[in-house]
Amino acid sequence: MTAALPFIAMAVTAGGKIVEGIGARDAAYAQGQALDENARLSVLAGEQQGWQTRLQERRQTGEMLSAQGGSGVQMGTGTAADLIAENSYQRELEILGIRQKAVRQANNYTTQANDTRAAGRAALTGSIFSAVSGALNSVSAMREQRSVSASNASVRAAQADRAPPMTIGG
């Protein structure tokens, strides 16, 4: 049983390192999923903000048309129509900017998620190499210990052969 203890200790140590690596990878993957969800929510928020901007633009256009009609301006011609068209064009540019900002933010989240998952894979790989390295070091140490023990046994045997005979009473 005592001969198996070093091997058991080596296996437990290696297994522990691998379990740590798996835990780090799983945590990184969970964080990656959270970042992916943030990316999705970022795009959704951009779309919602774009829709709100569009609603605000339509409300303002309606107010402008109402004010122009109430003041006797002929609707749909000349400067009044140009003003409404320009306002609509500017709002479309604003909505485009909102969407682009949301997509850039989503891309940043996605990049962070991918980097986090890559770090998790690297942690798992590193733990496997660490476990294998530790196991090889343990095997090497056990072999060296056996070699030293065998060498010490040979020295003792050689000394026992050369020992002077014991004399009693002399």
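Note that these values count all heavy atoms, side chains included, but never hydrogens, waters or copies made by symmetry.
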*Between Ser140 and Leu136, is there a donor-acceptor pair closer than 3.5 Å when you use the side chain of the first and the backbone of the second?*
no
_Quick one: does any side-chain atom of Ser42 pair with a main-chain N or O of Ala102 as donor and acceptor, under 3.5 Å?_
yes
*Heavy-atom count around Glu47 CD within 6.0 Å, excluding the residue itself: above 12?*
yes
What distance separates [X] [atom1] from [Y] [atom2], expressed to the nearest 0.5 Å?
X      : Y      : atom1 : atom2 : result
Ile98  : Gln48  : CD1   : CD    : 12.0 Å
Asn137 : Glu144 : CG    : CD    : 11.0 Å
Arg25  : Thr125 : CZ    : OG1   : 9.5 Å

Within the 3.5 Å criterion, strictly below it, is a donor on [X] or [Y] matched to an acceptor on the partner's side chain?
X      : Y      : result
Glu57  : Thr61  : yes
Asn114 : Arg117 : yes
Gln56  : Gln52  : no

Which heavy-atom pair separates [X] from [Y] by the least distance, and what is that distance?
X      : Y      : answer
Gly21  : Ser127 : CA-OG, 3.2 Å
Thr110 : Ala39  : OG1-CB, 3.6 Å
Leu35  : Gln112 : CD2-OE1, 3.4 Å
Ile18  : Ala131 : CG1-CB, 3.8 Å
Ala113 : Asp36  : CB-OD1, 3.3 Å

_Under the criterion side chain to side chain donor-acceptor pair (under 3.5 Å), I'd like the reasoning laid out for Gln90 against Glu94: C-alpha separation, chi angles, the key distance, then a yes or no._
CA-CA 6 Å; Gln90 290 300 322; Glu94 184 179 344; over 6 Å; no
*Could you tell me whether Arg40 and Glu37 make a salt bridge, using a distance below 4.0 angstrom between a side-chain N and a carboxylate O?*
yes
_Arg121 vs Leu124, side chain to side chain contact (heavy atoms under 4.5 Å, CB included): CA-CA, chis, key distance, verdict_ = CA-CA 5 Å; Arg121 287 189 297 273; Leu124 177 59; 5.8 Å; no
*Give the C-alpha distance, both sets of side-chain angles, the deciding distance and a yes or no for side chain to side chain contact (heavy atoms under 4.5 Å, CB included) between Gln49 and Lys101.*
CA-CA 11 Å; Gln49 189 177 2; Lys101 180 181 175 186; over 6 Å; no
*asked:* If you apply the rule side chain to side chain contact (heavy atoms under 4.5 Å, CB included), what do you find for Arg91 with Arg54, and how did you get there?
replied: CA-CA 7 Å; Arg91 287 299 179 141; Arg54 186 176 310 283; over 6 Å; no
